[in-house]
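A quick write-up on the structure given underneath.
Numbered from 1 within each chain, the chains take letters A, B, ... in sequence-line order. Only heavy atoms go into these numbers, but all of them, side chains included; no hydrogens, no water, no symmetry mates. The model shown is predicted, which means the values in this text are computed figures rather than measured ones.
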Protein chains: 2
Amino acid sequence: MSTAEETDGEIAPWSEVTPEAARRLLVAAVEAFAERGYHATTTRDIAGRAGMSPAALYIHYKTKEELLHRISRIGHDRALRLLETAADSGGTASDRLADAVRSFVRWHAERHTTARVVQYELEALSEEHRDEIVALRRKTDAVVRRIIGEGVSAGEFDVPDVPGTTLAVLSLCIDVARWFNAQGSRTPEEVGTLYADLVLRMVGAQK
Amino acid sequence: MSTAEETDGEIAPWSEVTPEAARRLLVAAVEAFAERGYHATTTRDIAGRAGMSPAALYIHYKTKEELLHRISRIGHDRALRLLETAADSGGTASDRLADAVRSFVRWHAERHTTARVVQYELEALSEEHRDEIVALRRKTDAVVRRIIGEGVSAGEFDVPDVPGTTLAVLSLCIDVARWFNAQGSRTPEEVGTLYADLVLRMVGAQK
DNA sequence: CGCGAACCTGAGCAAGCGCTTAGAGCGTGT
DNA sequence: ACACGCTCTAAGCGCTTGCTCAGGTTCGCG
């Protein structure tokens, strides 16, 4: 019926999570958190989806919150790496910004289940864990701001308010996780391309 | 210490909610839902904030979910009216789109507490209630799409993908509720102005 | 004054929550 | 052969949850 590897219609990149039972629990938690939200999800539901008893969860994770933290941590790491790869590739600022937006958006669409948890359940984290995640988000922000700043310096972009525009660009991309529907008519690829174009317009990139 | 009327630093527009005790409960619920989320909020917390016993809540509302529905309904009505007012005012499509975005964004920033509940707690609603709210959202979408469509017809805008761009514009505005911070450096007015400019760029409006 | 309606509280119920514990099953090293 | 460590379960503990209900207070109105 459902293999542990198949979620969101693609191979789930949870290979770093071992052993296999811990990964199954984590994937189940992602699905449950995305569907109902962290607080509305019970540990019994998570364990059930993973085909285990409720107690099995606590062999691999100390608390329900630790599960959320692990998910959030891995997701943020992945998203940040996507952006950094695009930012460090060669090409003009326009190329790099378009690349960054395209891959960032594609990730949020393809893996919207994960992204929803990663982006919208921050407040359910403990204080220390939230601080750690917020630091990752600031890095994300810095990467995009740098690209836009370089585009302005190079005369490629026309942006009166760099921090504000950075915020808007990231906000636009992140919100894809909220509305994207796999049953909808747009593929992640299409949304990525559309958004890259829109963002280039926002920064007044030369054609 | 805290009057019932003062929330978000402005006069709360909950005047349609009577009697006063029901309004106090509703305002308390908005605050609590915005802070912790619907599922993490207890009826005891809501009643406590309103200075009442837990049982008092059930004199004015049948369930906790009814409270959420009332909040969501009123909020969506208000947001939709803001957009319609801007859409029906005279002027070019650019003027109307800028107006719509500015007031819509300003509302999401000024009343981000309410907006957060309105925009991010849809899934906690019962099926019928959610259907009702989704219908309002479709209306919202239609208003913005109409403005953009008219701008394209008039030759004011250059938009290859009208539905996609509409989605992106609304998504951008709505997400303000998530990140806006009253303690931050930007006023709702400033964010509205910035966003109106960004959106005009997105639709390729003539300068 | 007295009556009824509207409003609110204290106490608490049934259900469900996160999490714990005792112990069973089983593959592995010696 | 056997003890060990790892994984998992059945049962359930203590607590909190949404919600109820019997009863008290307050008020407008005759």
Could you state the CD1-C1' distance from B:Ile46 to D:dG18, rounded to the nearest angstrom? 11 Å
Listing time: all N or O pairs from protein to nucleotides 11-15 of chain C that are below 3.5 Å?
none

A:Asp77 with A:Lys139: basic N within carboxylate O range, under 4.0 Å: no
To the nearest 0.5 angstrom, please state how far the OG1 atom of A:Thr114 sits from the CH2 atom of A:Trp14. 4.5 Å
In terms of side-chain geometry, is the basic nitrogen of B:Arg102 or B:Asp99 positioned less than 4.0 Å from the acidic oxygen of its partner? yes
Contact list for DNA chain C against residues 65-73 of chain B - heavy-atom distance below 4.0 Å: none
Would you kindly give the NZ-to-C1' distance between B:Lys64 and D:dC19, to the nearest whole Å? 12 Å
Let me have the donor-acceptor pairs involving side chains of residues 185-192 of chain B, under 3.5 Å, with sequence neighbours excluded, atom names and distances please.
| from | atom 1 | to | atom 2 | distance (Å) |
| --- | --- | --- | --- | --- |
| B:Arg186 | NH1 | A:Asp161 | OD2 | 2.8 |
| B:Thr187 | OG1 | B:Glu190 | N | 3.1 |
| B:Glu189 | OE1 | B:Arg106 | NH1 | 3.3 |
| B:Glu190 | OE1 | B:Thr187 | N | 3.1 |

Heavy-atom pair of closest approach, residues A:Cys173 and A:Val101: SG-CG1, 4.0 Å
For A:Asp45, what residues pass the salt bridge (charged side-chain N to carboxylate O under 4.0 Å, His left out) criterion, not counting sequence neighbours? A:Arg36, A:Arg49
Any protein N or O atoms within reach of nucleotides 3-8 of chain D? Criterion: under 3.5 Å, listing atom names and distances.
| from | atom 1 | to | atom 2 | distance (Å) |
| --- | --- | --- | --- | --- |
| D:dC8 | OP2 | A:His60 | NE2 | 2.7 |

Can you find a side chain N or O atom of A:Tyr58 that sits less than 4.0 Å from OP1 or OP2 on C:dC19? yes
Between A:Arg70 and A:His129, is there a side-chain heavy-atom distance shorter than 4.5 Å? no
side-chain hydrogen bond (donor to acceptor under 3.5 Å, both in side chains) partners of residues 163-173 of chain A, not counting sequence neighbours, each pair once: A:Ser171-B:Asp175
Length of the CG-P vector between A:Leu57 and D:dT9, whole Å: 11 Å
Can a salt bridge be assigned to the pair B:Asp141 and B:Arg137 using a cut-off of 4.0 Å between side-chain N and carboxylate O? no
Any donor-acceptor N/O pair, B:Arg116 side chain to B:Ala177 backbone, under 3.5 Å: yes
